[in-house]
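Reviewing the structure listed below.
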Amino acid sequence: MKVLFIGDIDAKPGRQATTALLPDIRKHYACDLVIANVENVSHGKGVTRKALDDIREAGVDVFTSGNHVWDKPEVFEIFNDPNYVLLRPANYPHGTAGSGAKIIPLGDKKLLLINLQGRVFMHENLDDPFRTLEKLLKQYEKDVPDAIIVDFHAEVTSEKRAFGFFADGKVTAVVGTHTHVPTADAQILPKGTAYVTDLGMVGPKHAVLGVDKEIIMRQFLTQLPQRFETSEDPLQIFCSVLIEINTATKLAKHIERVDREVKL
Ligand SMILES: [Fe+2]
Ligand SMILES: [Fe+2]
């Protein structure tokens with residue numbers, strides 16, 4: 001089983017880059033499933049049906065997210081719409097709208113997709129993601145998935161690395177999201193779990209996490225709040241990883257970065 005996991009798709013340029021590049025990538029690698037983090041897919045913050053439809057048409061099957069998923073009110077309707085598989089981090093307080101884990105059927109196989117959020121330098125006071133993972137794995141013990149993939153949406157590399165080793169051997173893959181900066185450490189951990197600290201993003205290259213670089217420089221120079229606008233740089237980066245899964249062992253055979261650039 002081959003799964004492509006795409007980093008945070010950012011606003012319209014990110015959606016257009018996905019449309020330009022994903023159909024060929026999906027075909028070239030013969031992907032069984034394409035997952036993308038979509039917390040920034042609509043105007044850089046939050047999700048709308050239209051934005052999800054754009055990237056679904058390009059070949060993204062299911063969606064994970066993070067702290068920005070709440071930024072457009074439409075998300076609450078999307079969580080209840082059976083036409084969309086959109087996860088939010090599972091460690092939000094009990095009773096929060098949406099779900100943080102879901103079984104994805106794939107022919108005669110099934111994949112458990114889990115979304116969690118880190119706590120270091122994040123503003124939300126969430127439950128412990130480590131223990132939430134343990135609880136979820138126990139919950140799905142009887143439903144026995146053929147693969148388990150976790151999107152760990154977190155800020156700092158130490159929390160992500162520690163989480164990866166904690167999950168090693170228990171899940172098929174842990175991919176980091178949120179920083180929008182791709183890391184060069186895609187690897188198979190000692191007990192067989194595929195891991196990368198951050199997938200990176202899809203969107204403007206000469207920008208700060210997708211935002212116009214001048215605005216962010218001004219923010220650092222003046223320490224005054226700024227209105228964020230998506231960068232108009234025509235050059236887009238597309239960051240993802242390909243994970244090859246051994247469904248007999250539920251562990252990973254291989255992980256590699258699949259990164260591209262496109263000018264819109
Ligand atoms: Fe993001
Ligand atoms: Fe985020």
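Only a predicted model underlies this, so the values are computations on that prediction, with no experimental measurement involved. Residues: numbered from 1 along the sequence shown.
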Which atom names give the shortest non-hydrogen contact between [X] and [Y], and what distance separates them?
{"X": "Glu155", "Y": "Val120", "answer": "CB-O, 3.6 Å"}
{"X": "Asn115", "Y": "Leu87", "answer": "OD1-O, 3.4 Å"}
{"X": "Arg88", "Y": "Val69", "answer": "CB-CG1, 4.1 Å"}
{"X": "Leu251", "Y": "Gly192", "answer": "CB-O, 3.4 Å"}
{"X": "Asp146", "Y": "Lys109", "answer": "OD2-CA, 3.2 Å"}
{"X": "Phe130", "Y": "Phe163", "answer": "CE2-CA, 3.6 Å"}

Would you call [X] and [Y] a side-chain contact if the rule is heavy atoms closer than 4.5 Å?
{"X": "Asp168", "Y": "Pro190", "value": "yes"}
{"X": "Ser99", "Y": "Phe79", "value": "no"}
{"X": "Leu242", "Y": "Val3", "value": "no"}
{"X": "Leu111", "Y": "Met1", "value": "yes"}
{"X": "Leu4", "Y": "Val241", "value": "no"}
{"X": "Lys191", "Y": "Phe165", "value": "no"}
{"X": "Leu133", "Y": "Val150", "value": "yes"}
{"X": "Arg161", "Y": "Tyr195", "value": "yes"}

Next on the checklist: What verdict does the side chain to side chain contact (heavy atoms under 4.5 Å, CB included) test give for Asn37 and Ile6, after you've listed the backbone C-alpha separation in whole Å, the side-chain angles of each residue and the deciding distance to 0.1 Å?
Outcome noted: CA-CA 6 Å; Asn37 186 300; Ile6 306 169; over 6 Å; no
Checklist entry - Between Tyr84 and Arg56, is there a cation-pi geometry (under 6.0 Å to ring centre, at most 45° from the normal)? => result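 Flagged: Arg56 positioned over aromatic ring of Tyr84.
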Next on the checklist: On the six-membered ring of Phe76, is Lys72 placed so that its NZ or CZ lies under 6.0 angstrom from the centre and within 45° of the ring axis?
Outcome noted: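 That pair does not qualify as a cation-pi contact.
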Is there a donor-acceptor pair closer than 3.5 Å between any side-chain N or O of [X] and the backbone N or O of [Y]?
{"X": "Glu74", "Y": "Arg49", "result": "yes"}
{"X": "Glu39", "Y": "Ser65", "result": "no"}
{"X": "Asp71", "Y": "Val47", "result": "no"}
{"X": "Arg119", "Y": "Leu126", "result": "yes"}
{"X": "Thr96", "Y": "Tyr92", "result": "no"}
{"X": "Glu256", "Y": "His254", "result": "no"}
{"X": "Thr48", "Y": "Ser42", "result": "no"}
{"X": "Asp61", "Y": "Val34", "result": "yes"}

Give a yes-or-no answer on whether the side chains of [X] and [Y] include a donor-acceptor pair shorter than 3.5 Å.
{"X": "Thr183", "Y": "Asp185", "value": "yes"}
{"X": "His180", "Y": "Asn40", "value": "yes"}
{"X": "Thr179", "Y": "Asp198", "value": "yes"}
{"X": "Gln236", "Y": "Glu261", "value": "no"}
{"X": "Asp151", "Y": "Thr177", "value": "yes"}
{"X": "Asn67", "Y": "His153", "value": "yes"}

State the [atom1]-[atom2] distance between [X] and [Y], to the nearest 0.5 angstrom.
{"X": "Ser231", "Y": "Glu214", "atom1": "OG", "atom2": "CD", "answer": "9.5 Å"}
{"X": "His28", "Y": "Leu22", "atom1": "NE2", "atom2": "CG", "answer": "13.0 Å"}
{"X": "Ile104", "Y": "Ile149", "atom1": "CD1", "atom2": "CD1", "answer": "10.0 Å"}
{"X": "Ile55", "Y": "Thr18", "atom1": "CD1", "atom2": "OG1", "answer": "6.5 Å"}
{"X": "Arg227", "Y": "Asp212", "atom1": "CZ", "atom2": "CG", "answer": "13.0 Å"}
{"X": "Thr193", "Y": "Lys250", "atom1": "OG1", "atom2": "NZ", "answer": "13.0 Å"}

Item to check | Residues Arg131, Asp127; criterion salt bridge (Lys or Arg N to Asp or Glu O under 4.0 Å); working and verdict | outcome: CA-CA 8 Å; Arg131 290 185 176 86; Asp127 294 343; over 6 Å; no
Item to check | Full working for side chain to side chain contact (heavy atoms under 4.5 Å, CB included) between Phe228 and Thr230 | outcome: CA-CA 7 Å; Phe228 287 7; Thr230 302; over 6 Å; no
Is the number of heavy atoms from other residues, nucleotides or ligands under 6.0 Å of [X] [atom1] greater than 12?
{"X": "Asn83", "atom1": "CG", "result": "yes"}
{"X": "Glu232", "atom1": "CD", "result": "no"}
{"X": "Arg218", "atom1": "CZ", "result": "yes"}
{"X": "Lys102", "atom1": "NZ", "result": "no"}
{"X": "Lys2", "atom1": "NZ", "result": "yes"}
{"X": "Glu124", "atom1": "CD", "result": "yes"}
{"X": "Lys170", "atom1": "NZ", "result": "yes"}

Does one hydrophobic cluster hold both [X] and [Y], with members joined at side-chain heavy-atom distances below 4.5 Å?
{"X": "Ile245", "Y": "Leu189", "value": "no"}
{"X": "Val60", "Y": "Val85", "value": "no"}
{"X": "Phe5", "Y": "Val196", "value": "yes"}
{"X": "Leu224", "Y": "Met217", "value": "no"}

Next on the checklist: For Val156 and Lys160: C-alpha separation, side-chain torsions, deciding distance, then whether side chain to side chain contact (heavy atoms under 4.5 Å, CB included) applies.
Outcome noted: CA-CA 7 Å; Val156 299; Lys160 285 165 148 170; over 6 Å; no
Item to check | Option among Asp81, Thr64, Val62, Val38 that satisfies the side chain to side chain contact (heavy atoms under 4.5 Å, CB included) test with Leu86 | outcome: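 Per the side chain to side chain contact (heavy atoms under 4.5 Å, CB included) rule, the option paired with Leu86 is Val38, out of Asp81, Thr64, Val62, Val38.
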Next on the checklist: Using the rule given for salt bridge (Lys or Arg N to Asp or Glu O under 4.0 Å), can you reason through Lys263 versus Asp233, listing the C-alpha separation, both sets of side-chain angles and the distance that settles it, and then say yes or no?
Outcome noted: CA-CA 9 Å; Lys263 203 165 187 175; Asp233 184 14; over 6 Å; no
Checklist entry - Can you list the steps and then say if Leu52 with Phe63 is a side chain to side chain contact (heavy atoms under 4.5 Å, CB included)? => result CA-CA 8 Å; Leu52 295 183; Phe63 313 111; 4.0 Å; yes
